[in-house]
Amino acid sequence: MPNSSDLSLRHAQGEVFSSKTRFRVLVAGRRFGKSYLSCIELLRAAIDRPGEVYFYCAPTYRMAKDIAWKTLKTLVPQAWVASKNESDLKIELRNGSMIELKGTENAMALRGRSLGGVVLDEAAFMDSGVWFEVLRPALADKQGWALFISTPEGTASWFYDLWNYAAEPDSTDWDRWSYTTIQGGNVPPEEVEAARGQLDPRTFRQEFEASFENLSGLVAINFSEENISTTAVDIPQLPLWIGLDFNVDNMSAVCGVRVGDDLHIFHEILMVNATTWDIADEINHRFGLERRKDICPDPTGAARKTAGVGLTDHAILRKSGLRVSTPKSPWKIRDKVNCVNTAILDGTGARRLKIHPRCKETIKSLRTLVYDDNGLPNKKLGVDHMFDALGYLCLMKFNLNKGIKVGQSNFKLYGSASR
């Protein structure tokens, strides 16, 4: 059987192909050659490890057939083929390896198989459960590999989370690459430039420059890597500020201190199936009973009873020894968004909010929360809780948009408040 090195790839494709890392994530622009690379990856693996089963997965069966089936049949010499099933999209090689093309719209149908490797093509457009609940377990007994290939689909997606995870220092089995359409070498530059004139800037960056854009409108519009810093640490001598969002299924809190003109968020707390008593106990256990702890909760907690019966949420916090800072009436959503965004980047270009990299859920919330069709932060994404917790803290303790009285009148100008 010929050696897999006989197959040819362009430079950018070859960079990914040459990596020996078990899990690889490739973000690439349109017409990069993702599907061709996918088929060669599967063929190389089927040659090198005989007798194993390998999956090519696309978001739908139809896409798998249209995108990769013809390419795969062209790449595999007839002399290598033991059998071919056109309806099931399967090719069995003479060495016992099997390559199967699958659609992931019915993930349950993929269960129960032991895999030597899998390619997830256009992974961003699949449900996260396809990987975490079906394909990842299928690789376990054979220590199989996985290649994730996709154009981006915004920052509010599991694929974006995977992209970030692959870059973390402790993710030693992971690697990632990002290539534009032009770097793929399959589309002339003039064609890409012609497309630029037909698309809005964000869509062009996403589809041709492999940029994770949020086409639905990011809430924390100016949040960037410049707001993430290991200098955001606790200073025990300072009062501890805590923003808290009440949710039984996801009790979320951010912990910070004010250092000069900056707000440092150095820790976060995420508790599932927890009551207000639970989060209060966790705060006291973590930071001690003697330290001053000013907590800024959701204002509706003055009447709501997340614990079910008895005291209100705010009363529980006070009974636990926490100093509750809250307005008499709920904040307007617009005020909360504006307050957080001003801390992220104010009109002078200063970034006053610093967040430690360990606060992964807070960072994820700021990176991915978008507006819904009604112009409100989209709570269906499940990433709004930490943003809300941070918003309550900023509104009470670090509100750079507080009204400033002019003379003796009640007229107010809104801008950076003197403190």
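Across every non-hydrogen atom of Arg113 and Ala138, the tightest pair is O-CB, 3.1 Å. Residue Phe125 comes nearest to Pro152 through the heavy atom pair CZ-O, 4.2 Å, listed as atom of the first residue, atom of the second, then distance. Nearest heavy atom pair, residue Val233 against residue His356, reads CG1-CD2, 4.5 Å. Taking both residues in full, the closest heavy atoms of Ile344 and Arg351 are given as O-CG, 3.1 Å, listed atom of the first, atom of the second, then distance. Listed here is the closest heavy atom pair of Asp372 and Pro377: OD2-O, 4.3 Å. In plain terms, the two heavy atoms of Cys296 and Lys397 that are nearest each other are SG-CG, 3.7 Å.
Remark: side-chain polar atoms of Ser252 are not paired, donor with acceptor, to backbone N or O of Leu270 under 3.5 angstrom. Side-chain atoms of Asn227 come within 3.5 Å of backbone atoms of Ser224 as a donor-acceptor pair (strictly under, hydrogens ignored). Not a single donor-acceptor pair under 3.5 Å links the side chain of Arg367 to the backbone N or O of Thr155. Asp278 contributes a side-chain N or O that, together with a main-chain N or O of Thr275, makes up a donor-acceptor pair within less than 3.5 Å. Remark: the backbone N or O of Phe23 is not paired with any side-chain donor or acceptor of Thr21 at under 3.5 angstrom. When atom types are taken as modelled, the side chain of Asn341 and the backbone of Asn222 share no donor-acceptor pair closer than 3.5 angstrom. Of the possible donor and acceptor atoms, none in the side chain of Ser171 sits under 3.5 Å from a partner among the backbone N and O of Ala167. Although no hydrogens or angles enter the test, the distance criterion places no donor-acceptor pair under 3.5 Å between the side chain of Arg291 and the main chain of Lys293. In this structure, the side chain of Gln13 engages the main chain of Gly33 through a donor-acceptor pair within 3.5 Å. At least one donor-acceptor pair under 3.5 Å links the side chain of Tyr54 to the backbone N or O of Ala45.
Between the side chains of Asn85 and Ser87, a donor-acceptor pair is found at a separation under 3.5 Å. Counted by atom type alone, Asp313 and Thr276 present one or more donor-acceptor pairs between their side chains at under 3.5 Å. Using a 3.5 Å distance cut-off with no hydrogens or angles, the side chains of Glu209 and Thr180 do not pair a donor with an acceptor. There is a side-chain donor-acceptor pair under 3.5 Å between Asp121 and Ser35. Side-chain N/O atoms of His264 and Arg258 include no donor and acceptor closer than 3.5 Å. A donor-acceptor pair shorter than 3.5 Å can be found between the side chains of Thr151 and Glu122.
Ion pairing of Lys34 with Glu41 is absent here, as no side-chain N (NZ or NE/NH1/NH2) approaches a carboxylate O to less than 4.0 Å. Between Arg24 and Asp175 there is no salt bridge, since no side-chain nitrogen of the basic residue lies less than 4.0 Å from a carboxylate oxygen of the acidic one.
For CD of Glu168, the number of neighbouring non-hydrogen atoms (other residues, nucleotides, ligands) closer than 6.0 Å is greater than 12. Atom NZ of Lys142 has more than 12 heavy atoms from other residues, nucleotides or ligands within 6.0 Å.
With contacts defined as side-chain heavy-atom distances shorter than 4.5 Å, the pair Glu86/Trp69 qualifies. Leu381 is not listed as a side-chain neighbour of Thr368, based on a closest heavy-atom distance of 4.5 Å or more. Residues Val337 and Tyr371 form a side-chain contact, since some pair of their non-hydrogen atoms from C-beta on lies under 4.5 Å apart. Here the side chains of Phe212 and Val27 are in contact, with some heavy-atom distance below 4.5 Å. Looking at heavy atoms from C-beta onward, Lys336 lies in side-chain contact with Leu395 at the 4.5 angstrom threshold. When side chains are defined from C-beta on, His267 counts as touching Arg286, because their heavy atoms get closer than 4.5 Å. With contacts defined as side-chain heavy-atom distances shorter than 4.5 Å, the pair Trp277/Lys319 qualifies. Side-chain contact check for Leu322 versus Asn284: some heavy-atom pair is nearer than 4.5 Å.
Taking CG from Leu89 and NZ from Lys73, the interatomic distance works out to 8.5 Å, rounded to the nearest 0.5 Å. Residue Leu42 holds its CG atom at 11.0 Å from CD of Glu100, rounded to the nearest 0.5 Å. Rounding to the nearest 0.5 Å gives a distance of 6.5 Å between CZ of Arg22 and CG of Leu139. Rounding to the nearest 0.5 Å gives a distance of 3.5 Å between CZ of Arg44 and CZ of Phe17. Atom CD1 of Ile355 is separated from atom CG of Leu390 by 6.0 Å, given to the nearest 0.5 angstrom. Between the CG atom of Leu263 and the CG atom of Asp261 there is a distance of 11.5 Å, given to the nearest 0.5 Å.
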(request) Verify side chain to side chain contact (heavy atoms under 4.5 Å, CB included) between Tyr61 and Asn106, making sure each step is shown before the conclusion. (result) CA-CA 9 Å; Tyr61 168 88; Asn106 182 11; over 6 Å; no
(request) May I have the step-by-step check of side chain to side chain contact (heavy atoms under 4.5 Å, CB included) for Ser19 and Trp177, ending in yes or no? (result) CA-CA 11 Å; Ser19 172; Trp177 297 262; 3.5 Å; yes
(request) Verify salt bridge (charged side-chain N to carboxylate O under 4.0 Å, His left out) between Glu207 and Arg31, making sure each step is shown before the conclusion. (result) CA-CA 10 Å; Glu207 298 299 322; Arg31 307 305 301 164; over 6 Å; no
(request) Carefully, step by step, assess Leu72 and Tyr56 under the rule side chain to side chain contact (heavy atoms under 4.5 Å, CB included). (result) CA-CA 10 Å; Leu72 183 64; Tyr56 167 92; over 6 Å; no
(request) Test side chain to side chain donor-acceptor pair (under 3.5 Å) on Asp294 and Ser325 and set out the steps. (result) CA-CA 7 Å; Asp294 292 359; Ser325 297; 4.9 Å; no
(message) Run Glu52 and Ser97 through side chain to side chain donor-acceptor pair (under 3.5 Å) and show every step you take.
(response) CA-CA 5 Å; Glu52 304 285 0; Ser97 291; over 6 Å; no
(request) In sequence, state the C-alpha distance, the side-chain angles, and the governing distance for Ile228 and Ile363, and then conclude on side chain to side chain contact (heavy atoms under 4.5 Å, CB included). (result) CA-CA 8 Å; Ile228 304 173; Ile363 293 170; 3.9 Å; yes
(request) Test Lys354 against Asp262 for salt bridge (charged side-chain N to carboxylate O under 4.0 Å, His left out), laying out the working first. (result) CA-CA 7 Å; Lys354 303 294 182 182; Asp262 294 339; 5.9 Å; no
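Two rings, from Tyr165 and Trp174, have their centers less than 6.0 Å apart. Ring centers of Trp163 and Phe148: at least 6.0 Å apart, outside the cut-off.
The residue from Asp388, Asp298, Ile279 that alone fulfils the side-chain contact (heavy atoms from CB on, under 4.5 Å) condition with Phe246 is Asp298.
Annotation: cation-pi geometry not satisfied between Arg30 and Phe208 (NZ/CZ under 6.0 angstrom from ring centroid, within 45° of ring axis).
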